[in-house]
Structures are given as C-alpha cells and as structure tokens.
Amino acid sequence: MAEYDPQSIEAKWQQIWEQQGAFHADLDPARPKYYVLEMLPYPSGTLHMGHMRNYTIGDSIARYKRMRGLNVLHPIGWDSFGLPAENAAIKNNIPPREWTNSNIAQMSAVCRRFGFSYDWRREISTCEPEYYRWNQWFFLRMLERGIAYRKRSKVNWCPQCQTVLANEQVVDGCCWRHETTRVESKEIEQWFLKITAYSDALLDDMKQLAGGWPERVLTMQQNWIGKSHGAKIQFKIARMEGESIEIFTTRVDTIYGSSAVILAPDHPLLPNLFQGLPGHAGMESEWNRLRQRIIRGADLATAEKEGFFTGRFAVNPFSGEMLPVWVANFVLAEYGTGAVMCVPAHDQRDFEFAEKYHLPVKVVVQPVHGAPLQADRMNQAYTGYGASVNSGPYSGLPSEKAVEKMIAGAQAKGFGEAQTTYRLKDWGISRQRYWGTPIPVVYCEKCGIVPVPDDQLPVRLPDSVQLTGQGKSPLANVPEFVNTTCPRCQSPARRETDTMDTFVDSSWYFYRYTDANNSTAPFSREAAAYWFPIDQYIGGIEHAILHLIYSRFFCKVMRDLGLIAHNEPVLRLFSQGMVLKEGRAMSKSHGNVVGAIDMAQKYGCDTARLYTLFAAPPAKDLEWDEQGIEGCARFLNKTFRLVERHAARLRTIHAAESAAVDISGATQKEKALLRRAHQTLRRVTNDFEVRWHFNTSVSLLMQLVNELAAAEPLDAEMNPAILKNIFQMLVQILSPMAPHVSEELWEILGNAGGLARVQWPAYREELAKEEQFEIIIQINGRLRGKILVDDNLGEDELRERALADPRIAHLIDGKGIGKVVVVPRKLVNIVLR
RNA sequence: GCGGAAGUGGCGGAAUUGGCAGACGCGCAAGACUUAGGAUCUUGUGGCCGAAAGGCCGUGGGGGUUCAACUCCCUCCUUCCGCACCA
C-alpha cells in the first residue's frame, strides 16, 4: 500500500499543472469571469506563513470559483521598487536590481512550491521598465490635466529615510518605516497629485462599496478624507487698515459667544501683527517658543494648551465686539484657515483655554432639554445643539437654522461664506531616492518644465549609481542621466532627479495584470472592461488608507482619461487576520518568522495550507502553533490512506455509473454516508459562497473522513459505485484547500485528466435530507431526554411521544403540566406548573 | 476623549434563524499494536459532588425579556484596533 508522500505528490502535480497551463486565464467574452487578487508583495526575500495565509485564502477561492465554471483571473507580481533595496545595496554592496531580482526568484519559487494557481504568464515586477514606463505615462497624462503639479511646500521629512513622506506615511508624528523617528518639517519643491480634486468622489462612491468592503476600512477612509461643512468668517483687525483674520468654524451659530480670535503659531499674518506694538520683542520670544514646540499626533491631544495675547484686537463682524487676538499651540496651521474663534461655552478646547487665561465664558446656545446653562456654573463646554440666545437677531432660532441664516447673513454683508474643508491633502509623490520610477520631466532654462514626450518613454533608471543614503537623490550625481536636451528647444537641459513614491506603482498594478505584456498601452480597454472590477481583493488591514485610497483615486483618473468605464476598482475587499508567533506579527526584527518553505519541506504545502485555513476563521489573527499543524497532517494522512485502501476496487467503476447514484435499494449505511457527504457539500459550499469560515469547512471534512473510517469495513458493506461517489465528492470538496493530495486521490480513484478543471460536485437535496430526527426533550428548559423520530411526525404526535417516554413520564409523575412547547425537528419542552 | 471589534475548557476554536454549550483539532490520560515510537489505532477529557446512575454549576460581571439566551435588551468590566486639539 502506498504511503502519503506529500513531497513527491506535490512536485508531480505542480509539474502537470505547469505543463497543462491549467491556470491560464484568457479573455473570453462568452464566459463569466471572476477576478480574485491578493495584494502584491514587496520582495523582501522571505515569505512567511503570514503571506501564505493571505495567498491560501485567495487560492482556495480561485480554485473553488474555477470549479464553479468561472473564468478565473488569479495573478501575482512584485512591488519591487522601494527603499529596502537601496538600504541593502548600501549595506551589502549589491546593486538594488540584483538584490531585488534574486529575492523575487526566491519568493516566486516559494509560491510555486505552495502550488498557488496563478497565471504566471501575467507576472509583473514594478521595477522593470516595461512596467514603470506606464507610471511615467500616467504621470504625463495627469500633468496635461493639471492633476500632477509642482509646488514648493512644507513636507514631511524622515531624517532616517532621507526623503519626503506623504501625509499617509506619517504615523503619530513618526515615519511609518521608523516608528521612533520623528518626522521633520522641511520646505522643498516637489511633485503632487491632486487627489483632493476627487475628495467628494472618493467619499460619495464609498456608498457603492458598502457591503462589499469592511465597515472599518470605509470608516477609516471617511475619517481620512475628513470632510466638514462650516463657514469662513473675516474678523477685521483693529488699527490695521485692510487687514483681517479669516477663521473657519463648523459652529457659526456660536459666534456671539466668542471671546477671542486664536491663530496657529505659524499663521502667515503673525509677523505683521506684532509690528509697531509696544513690547513686541518679548512677544516674539514667546512666539518662537510656541513655534518650536509644535507637536503632532498622540502627544497633541494630551499636551497642555498654551498661548499668549498678541496685543491686537479684531472685530466680531456679527456683534461688533472687540476681541483679543491670541496665538495658541492647539490651533493647527494646516487645517481650515489656521485661525479659529474662541467660544469657551461651546467648545471644550476653548473652554480649557479660557479657564487657564481667564477669558470670558458667554452662553449663546441653550439646550432644549434640561436646566439652562449658567456661564459661571459650567465645568465643561456644552457642545450640543439647542436654541440660540444672546445672539442678536438670531436669538431664538434652533442651532441648525441659526447656522444657515448666519452664513447667509455673512455672505450678504460680504464678510463670510459657507466653506467645506477636508483633512485630505494632495499626494506628494517626489522621493529623493534612487530605486523608484524616474519622474519624466526635464528642466530647460528657456522652456521651464518640459514633459518628456511619450515616444521617449521610458525614462530609464540608470543601473550603476553610487548610493549614499544621504539627502539628495542619488540620480543627481549621474551626469549621463541628469544632462539631456530639452525635447522642445533642443538646448541643454536637466532631468528631474527625484523618483516616484512606490505607492504610485501599486495604485494601478491590478489593471496591468489584465494585459500584462501590452507594449503599446498600460492595458487595453477590452481587457480591463472584461476583467474589472476585481471581484475579490484580499490583503492586510494596514493598507486601509494608503494603498486603498490611492488606487481608488487612480481608478477615477483612469476613468476620466477614458481608459475604463467603472468608478471603483474593487467590488469586495477582505482583510485577513495576521499570523502571530509568540503573540506578535512575524517579522525579521522580532526573530519570530515561521518560514513558508520550512513548513512545506516538513509537512508538505497541502498541510501548511490546510492549517492556515483551519486554525482560525480568516478574519481573525492566528497564533501559529507548531503542534496544531500536526492535526492537519494527520487528517490528510488518514484521508489518503482511507481512499487508497479502497481505490483498487473502485478504480474500474465507470464515472457515469458512480455519478448516477440510485438510492432506492441502498442500505442504511450507504444512505447515511451519502447524506453526510451531501450535508458536508452544502455547508462547505455555503462557507465558500457567503460565510468564509474555512475553519469550519475543514472541520466538516474531518468529520466526514472520521465517519467513513468508522464505517469500515467499507468494502464488504458498501456498493462500490456509491462509495466511489462519496470518495469523489470528498476529494472534490477538499481540492480547493489541499489541491495536490486531492489531485493524486482523484487519479488513484481512476480519473484521468486532472481535477483542476473538474466541476464542483452537484448538491442533491434529497440525498442530504434527514429521514429521522433526534428530538430533545426538556423539562423547564433542561435537557432530560432524547427520542429518535421520523421526519413526518406532527406536533401532537411529538408531544405524545415525549410525554410517553418512560424517563420523562417518571420525572413529571405527580406534577402538573403547565405548557408544552413543540418545535418540529428540534425539541419538546415541558413546562411544569 | 470619540469610533469599531472582541471576551466560550489547559490551548486554537464550533454552535447557520433564540432551541442539546464546548463540534473539529491541539494538548493531556489510559490502553492496543510494536524490538522501538515523536507512527498508527481505541477509549476518556468544562468544573464540582458521586462507586455508578445521576445531580448541581458553567459562555467576562450584574440585571432583564423568553417555555428556552453564547445568541436579544439594559448596565458595568477587560482586551485589542482605528482616529485623536480637524475648530
């Protein structure tokens, strides 16, 4: 008898699949498609079980959908530009390309070793000119439309990376790659993509994603875009002709309650404000102190509010009141207008500030319910809505109405207007780095900024470059790259030496998969139209805002360019949980990595795959337990031996004969096992279609195998056609999750041609249906007995049978029966008086 | 502070529509086979009482609805995640 040998079985089938092109997906308008994708990996060199969990989920789905007859696109590629390659190059003196490509070779070998059903013909690597030329092409299209633009601005600078970071890459005031390195502020010229032009579209189209995307991802994106409705109001500065301070507020209805105007420490008006005031020298030192201590992120919320009075006054345009102008650390220059009105009674921050500096508290909104507010009795701000009071002509209006009327009033008198602000900022894509896509523009002394013409793309990244990891882009030191001629006037010109943020690469890569070898366009309209949108995208929650907001933005730009017709690239998104070891995410720096290849060598990839599905539902984090995987190894072993043991007898039975199962003459055992098989099929199908609880799918298969094993001797007591039918169902159902061993067993059972394209088994209700039910009998809700009854028993009969049960009769003997609840097929509950 | 998710044996987890809590697996214990076992098979395995039959308790705590609650409602606690002076 043959033993289960995963190594040889897995190698065998991987080779066969390769030869057959079993997972090649080609555009076929006659067939319904399914596009399933896992987020493309960065080629760091190692793949651990965290990656494998992600890919196993996707691969099981891909294989299942293929068995359902869909034309399945399941591609893979490499997000191969980026900083680690440069760092590795500096450290080990290997060119980034070499380092990257050898990592890709290693990692793709691991993916192949796991038997993922990718269409390898569509593999992409973003650092190849065939790919990044289209980054440049998109950039040029955006430049033409004013979506890409250059400006000098304050940027987030990571002193470790020595480059600019996008806002999305700043976490708690620190670099996303260097969690302890504080981001500095630096002013330089750089390229931006106008993602803010799509703020509303990004927000509104989230309605289409509801249901298909996790709620929390949508919430995170919504918070990130941070839309808020309010008003801009101008406060004239007293004794400064023509100067005014513009504030932003969402609660203009509280404006009669303001007792100061507060500016951010780096508000542009400030230097002027001090001019000509007595004692302004002392003020400037105070100002510098505040400016130097601008803090961000988590510290911000807990930091003590501090500020000083500038000596200036501004006029509340509604009330005519003179209000002191202050500067305070809690007002942010980059949000709204960088200035606020201070309304202590109705804003908690203002309340705290006013307490510290003894500013007056004026109640101008009274809550509808409860005791009226009294300014001198308040110990916190009242921020709710209510009715306006002490607000001139607006007194008596409900807050919502007051907001509306006051904005209209301000507009009529020309000192304010409605204003919508966003937290979202334009996406700075310039990186002072080597290993990225060159930005395709040229600086000419005569013509200024000149785009590189399409026919000169790609602007190739030179290969031999001295990397220093310091400051400016390494490309600036490569004369043959920098020095060029102006495409417009042919005079000498300089190339842009910054490269693009690698998030540009990953913003559209999934379109490239649809037409990966196209050399005249990023992809054809036909290919994108057929394959898109992505039916199922699977990846980690860490990309909830960065990648997933940028790629939505790219999709909308591509739509406006006429390349595609849809608004959203991803129909359904799934965030799988992490694989943990010793309670934390696997990473090289923690030294807790469980290598995928080690697991494949030790147990076989089918076992490793199965365990990642079995150990926890896919959305939850999973603690890797080296002992736990043994259970899956045993299960596959047991399954293999069970089928193998009977295969010789079943092999010769014709497929059609076993498919057309006739149970009219079947024995109880045959019926029971068939029933179990069809029930398993029903529930696993449900797990694939709706629930995605693959842990229960695996457990169901384990139960089916346990039951079959317990029913031995199967050869003596089973009709071989029925047994073969059951075994084939078992193998088919198992195959999306553990494909190699399933293929092998499929073959052992006498089937030729491979399982990869065989249909999912047909569910037959009449075979899954129970003939008898175990009815539980409760007394006062407590389990007291069980009876086995036929399905067709009515409620009255059930009640009688339960009451007649000797044990039950004994227990209720002499006690009055109050009520009997009968639930057909489930239970009888006898309530005693 | 705001928002979200979660809390079930020694462990991972199951319970699909309010209906047997702990499926399946790990671990552990006993046994079989064996020269051997980190292979395989069998049996047992929430806690307490009991020789057993059986009984009582039990899904973070407290309360409620219901014939019946892991599941629904109220309340509190804990953990994790996200946002965080956004005016």
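Worth saying up front: this structure is predicted, and the values here are computed from it rather than measured. Residue numbers begin at 1 in each chain, while the letters A, B, ... track the order of the sequences.
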With both distances kept under 3.5 Å, what pairs with [N], Watson-Crick or G-U wobble?
N     : answer
B/A15 : none
B/U71 : none
B/G27 : B/U45
B/A5  : B/U79

With a cut-off of less than 4.0 Å, is there a side-chain N or O of [X] near OP1 or OP2 of [N]?
X        : N     : result
A/Arg634 : B/C26 : yes
A/Asn223 : B/G3  : no
A/Ser228 : B/A87 : yes
A/Arg825 : B/C20 : no
A/Lys620 : B/G13 : yes
A/Arg799 : B/C67 : no
A/Arg782 : B/A21 : no
A/Tyr335 : B/A87 : yes

How close or far is atom [atom2] of [N] from atom [atom1] of [X], stated in whole angstroms?
X        : N     : atom1 : atom2 : answer
A/Leu610 : B/C24 : CG    : C1'   : 12 Å
A/Lys425 : B/C86 : NZ    : P     : 14 Å
A/Ile549 : B/G82 : CD1   : P     : 16 Å
A/Asp253 : B/A87 : CG    : P     : 13 Å
A/Met702 : B/A14 : CE    : C1'   : 13 Å
A/Leu636 : B/G25 : CG    : P     : 13 Å
A/Asp621 : B/G7  : CG    : C1'   : 15 Å
A/Gln778 : B/C20 : CD    : C1'   : 8 Å

Measuring from the side chain of [X] (C-beta onward, heavy atoms only), which nucleotide among [options] has the closest atom?
X        : options             : answer
A/Ile776 : B/C20, B/A87, B/C85 : B/C20
A/Asp625 : B/A23, B/G55, B/C26 : B/C26
A/Leu783 : B/C20, B/C41, B/G27 : B/C20
A/Thr249 : B/A23, B/G27, B/A87 : B/A87
A/Asn829 : B/G19, B/C86, B/A23 : B/G19
A/Lys638 : B/A87, B/C41, B/C85 : B/C41
A/Lys819 : B/A15, B/C67, B/G27 : B/C67
A/Asn329 : B/A87, B/C85, B/A14 : B/C85
A/Asn695 : B/A84, B/G13, B/A15 : B/G13
A/Arg691 : B/A15, B/G25, B/A87 : B/A15

Answer yes or no: is there an ion pair linking [X] with [Y], defined by an N-O contact shorter than 4.0 Å?
X        : Y        : value
A/Arg675 : A/Glu770 : yes
A/Asp200 : A/Lys227 : yes
A/Glu355 : A/Lys305 : no

So what does [X] hit on the nucleic acid, given a heavy-atom distance under 4.0 Å: a base, only sugar-phosphate, or nothing?
X        : result
A/Val343 : nothing
A/Arg784 : sugar-phosphate
A/Glu630 : nothing
A/Asp350 : nothing
A/Asn706 : sugar-phosphate
A/Val831 : sugar-phosphate

Original post:
So, the side chain of A/Asp606 versus the backbone of A/Val741: is there a donor-acceptor pair under 3.5 Å, distance only?
Top reply: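 Yes: the side chain of A/Asp606 pairs with the backbone of A/Val741.
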Subject >> Check: A/His678 side chain, A/Glu765 main-chain N or O, donor-acceptor pair, under 3.5 Å >> reply: no
When you compare [N] with [M], how far apart are their [atom1] atoms, in angstrom units rounded to a whole number?
N     : M     : atom1 : answer
B/G63 : B/U71 : P     : 14 Å
B/C67 : B/A29 : C1'   : 41 Å
B/C11 : B/G47 : P     : 12 Å
B/C73 : B/G18 : C1'   : 13 Å
B/A15 : B/G61 : C1'   : 23 Å
B/A53 : B/G58 : P     : 22 Å
B/U79 : B/A84 : P     : 22 Å
B/C33 : B/A39 : C1'   : 11 Å

Original post:
Is the number of heavy atoms from other residues, nucleotides or ligands within 6.0 Å of NZ (A/Lys356) greater than 12?
Top reply: yes
**OP:** Determine whether more than 12 heavy atoms belonging to other residues, nucleotides or ligands lie under 6.0 Å from atom NZ of A/Lys826.
**Re:** no
Subject >> Residue mapping more 5' on RNA chain B - nearest nucleotide basis, A/Thr219 or A/Glu623 >> reply: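 Closer to the 5' end of RNA chain B: A/Thr219.
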**OP:** Map A/Arg423 and A/Gly631 onto RNA chain B by nearest heavy atom, then report which one ends up closer to the 5' terminus.
**Re:** A/Gly631
**OP:** Tell me whether B/G63 sits syn or anti, counting syn as a glycosidic angle within 90° of 0.
**Re:**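 Nucleotide B/G63 adopts anti.
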Original post:
Testing A/Leu704, A/Leu681, A/Leu734 for side chain to side chain contact (heavy atoms under 4.5 Å, CB included) with A/Met729, which one passes?
Top reply: A/Leu681
Any donor-acceptor pair under 3.5 Å joining the side chain of [X] to the base of [N]?
X        : N     : answer
A/Arg251 : B/A87 : no
A/Lys826 : B/C20 : no
A/Glu774 : B/C20 : yes

Original post:
Do A/Glu352 and A/Gln348 have a side chain donor and acceptor closer than 3.5 Å?
Top reply: yes
**OP:** Would you check, one step at a time, whether the test side chain to side chain donor-acceptor pair (under 3.5 Å) holds for A/Tyr422 with A/Thr196?
**Re:** CA-CA 8 Å; A/Tyr422 299 86; A/Thr196 56; over 6 Å; no
